[in-house]
Amino acid sequence: MATNSQNKIASSSNFIRAKIEKDISNNLYKNKLWNKAPGNSRHQLKGNLDEAKIRTRFPPEPNGYLHIGHAKSIFLNFGLAQDFSGACHLRFDDTNPEKEDQEYVDSIIENVKWLGFDWNFNNEDNLYYASDYFDYMYEAAILLIKSGFAYVDQQNAEEIRENRGTLTSPGKDSPWRDHPTEDHLKCFEEMRGGNHADGSMVLRAKINMASPNINLRDPAIYRIKNVSHHKTGDKWSIYPMYTFAHPIEDALEGITHSVCTLEFEDQRPFYDWLLKRLKENNFFSDPLPKQYEFARLNLTYVVLSKRRLIELVENKHVSGWDDPRMPTLVGSKRRGYTPSGFKLFTDRIGVSKADSWIDYVILEDCMREVLNESAHRRVAVLDPVKLIINNYPEDQEEDCFAPNHPKNKDLGERTIKLTKELWIDRDDFMEVPVDKYFRLSPGAQVRLRYGFVIECTGFEKDIDGNITNIFCDYLPDTKSGTPGADAIKVKGNIHWLSCKYAVTATVNLYDRLFKEAHPGENNNYLDDLNPDSLTTREIKIEENLKTIVPGDQYQFERHGYFIADNLSKPDDIILNRTTTLRDNWQ
RNA sequence: UGGGGAGUCGCCAAGCUGGUUAAGGCACAUGGUUUUGAUCCAUGCAUGCGAAGGUUCGAAUCCUUCCUCCCCAGCCA
């Protein structure tokens, strides 16, 4: 309990939370208005005081599947809103129709819900699309042109690039920069008209071509794209750039804290510049949103870049976006990773501005920690070898009782049938035991978990030297749960399943997708792929697992956590190993 | 070489408007419990805060210089 509350304190102290606490205590949002929906000043000034103490947003571009890095951002943004009695909007940043698709929108919505969040606040559904704001953005652009802060440039992309200068030398003004405002207004209208080719004109903010910050050298803010949009269809032939759109989206939605990743740090001056210009035009009013940046997640043995993820799927290095080895949320889910595990993980790794690589084992350990609490226990034999009890009658069988959870008796117990012939794991027997090996070996005593103590009397091998049968005697007075069962102390304790009753299933044993901690650091990342990231085999599982359905999760004792795969059917059970148990032996 | 960031224990990460022994987690180590070599519990784990100087009664926190790493020259986000 004490450690839990300490965890909470630790996770709650990051620089963004500190800033929010300060902003709230300084009453920054005391007079903030909200008119039940996004909008500019015209709209919001007619509203009431915003009941949301703060507003944050998670703004994915619907051009790919969410991954573990997004989970960090989701927990940050939605968590902030939750903890400060605010609202977190889910907003699709769909300003580039060429790359975006409804398929991704659906998947993202499902993923965010899966992680346990919704975007409802005071019965308002805060699910938005940047494309819903295109009219506002167009209006803002015109305001900017009229006030002399934007112009239509007719240089081609090549010329613009050349005139932008370099990191160490200033850029050159565009010849179109100082044309009359009227001309720019007219050109911008023409851009919208749809009669101009892509790239023939572009609207640029007029700031400073000599700025040491390249993002301020008259950034492009609206470009011609004669393509239809998945939401707005053919209404527009011009689309705003992220740089321009994002601050406006935030302001329209009354976002107080706009949290993004480090690479946008250089854009913050433009973010503030734009909003200030629009405030001067009474398009927006205080309090204006502020942008804060944190370090994106890097995980060892994992790639998270969109480009690489796509490549893994398209080149069939994995079976798809939801391959359990993929760091996507759909893949993680299929692997058996859980929302509460991700929550623990994000709390544990914290939020800062320092570039860092989180050990993959941290993530795995979080999943173990969560699953250890919740998962019911079962028995599975992953590499079966036959154990025959010499002194157990051929036709005899009996029930052994096994609790579903060692720490929680309320979860009940189930019975496992014991018979003369059993399956045990090959690992649990050594012909010549190594030092400190306390499982089965010739002459050794070991307990059949939940059953009897046995003593190994011998074994048989096939022509290739593989062990085929192991023989033992059981000690009748040692059955678990009966008086005196503990009279004989043994160190080893192995699991087993009746050959007569065990059910056969298929298991996918997953290991890390990459064998290098930093894939691609020393060569092409594809060369760092782990050839053994998946092994599939036939295993034996408890009879009562016959009714397992996709998504069911269990701990197979002494092995790890497993989940029934999407494709699993009663007559073709498929299990995925989520993660192994920790193993201090060797 | 311009601009913007970051460097605190193996991995994360508080602290950074200067003030007693530098939080916490993970990992690790050693004990204990245990019919999962799991879990759980206990204890240990930075004379040190990228480096070197300086200011001060006192510095991770202030100043100076230096070093390393990341980001920016898309009509991507």
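Below, each value reflects all heavy atoms present in this structure, side chains not excepted, and no hydrogens, waters or symmetry copies. Chain identifiers are assigned alphabetically (A, B, ...) following the order of the sequence lines, protein sequences preceding nucleic acid strands; residue numbering begins at 1 within each chain.
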State the pairing partner of [N]; accept Watson-Crick or G-U wobble contacts with both distances under 3.5 Å, and report none otherwise.
N      : answer
B:rC62 : B:rG54
B:rA22 : none
B:rU68 : B:rA6
B:rU30 : B:rA42

(request) Verify whether the ring centers belonging to A:Y128 and A:F92 lie closer than 6.0 Å. (result) no
(message) Quick check: A:F244 with A:Y222 (ring centres under 6.0 Å apart)?
(response) yes
Mind telling me whether [Y] and [X] have parallel, tilted or perpendicular rings, with 30° and 60° as the class edges?
X      : Y      : value
A:F188 : A:Y138 : parallel
A:Y239 : A:H229 : parallel
A:Y337 : A:Y360 : tilted

(request) Between B:rG37, B:rA14, B:rG5, spot the one nearest the side chain of A:N14, thanks. (result) B:rA14
(message) Let's see if you can work this out: which of B:rG25, B:rC40, B:rG4 has an atom nearest to the side-chain heavy atoms of A:K407?
(response) B:rC40
(message) Need one value for A:Y437: base, sugar-phosphate or nothing, where a base atom within 4.0 Å counts as base even if backbone is also close, heavy atoms only.
(response) base
(message) Measuring to OP1 and OP2 of B:rA27, would you say a side-chain N or O of A:R582 lies under 4.0 angstrom away?
(response) yes
(request) Check whether any side-chain nitrogen or oxygen of A:R558 sits under 4.0 Å from OP1 or OP2 of B:rG37, and answer yes or no. (result) yes
(message) Between the base of B:rU36 and the side chain of A:Q555, is one N or O donor paired with an acceptor at under 3.5 angstrom?
(response) yes
(message) Are there over 12 heavy-atom neighbours, none belonging to A:K172, within less than 6.0 Å of that residue's NZ?
(response) no
(request) Produce a footprint string for nucleotides 72-77 of chain B: one letter per nucleotide, 5' end first; B if the base is under 4.0 Å from any protein heavy atom, S if only the sugar-phosphate is, - if neither. (result) BBSBSB
(request) Using salt bridge (charged side-chain N to carboxylate O under 4.0 Å, His left out) as the criterion, list what pairs up with A:E103, not counting sequence neighbours. (result) none
(request) For A:Y301 and B:rC11, give me the distance from atom OH to atom P, rounded to whole Å. (result) 13 Å
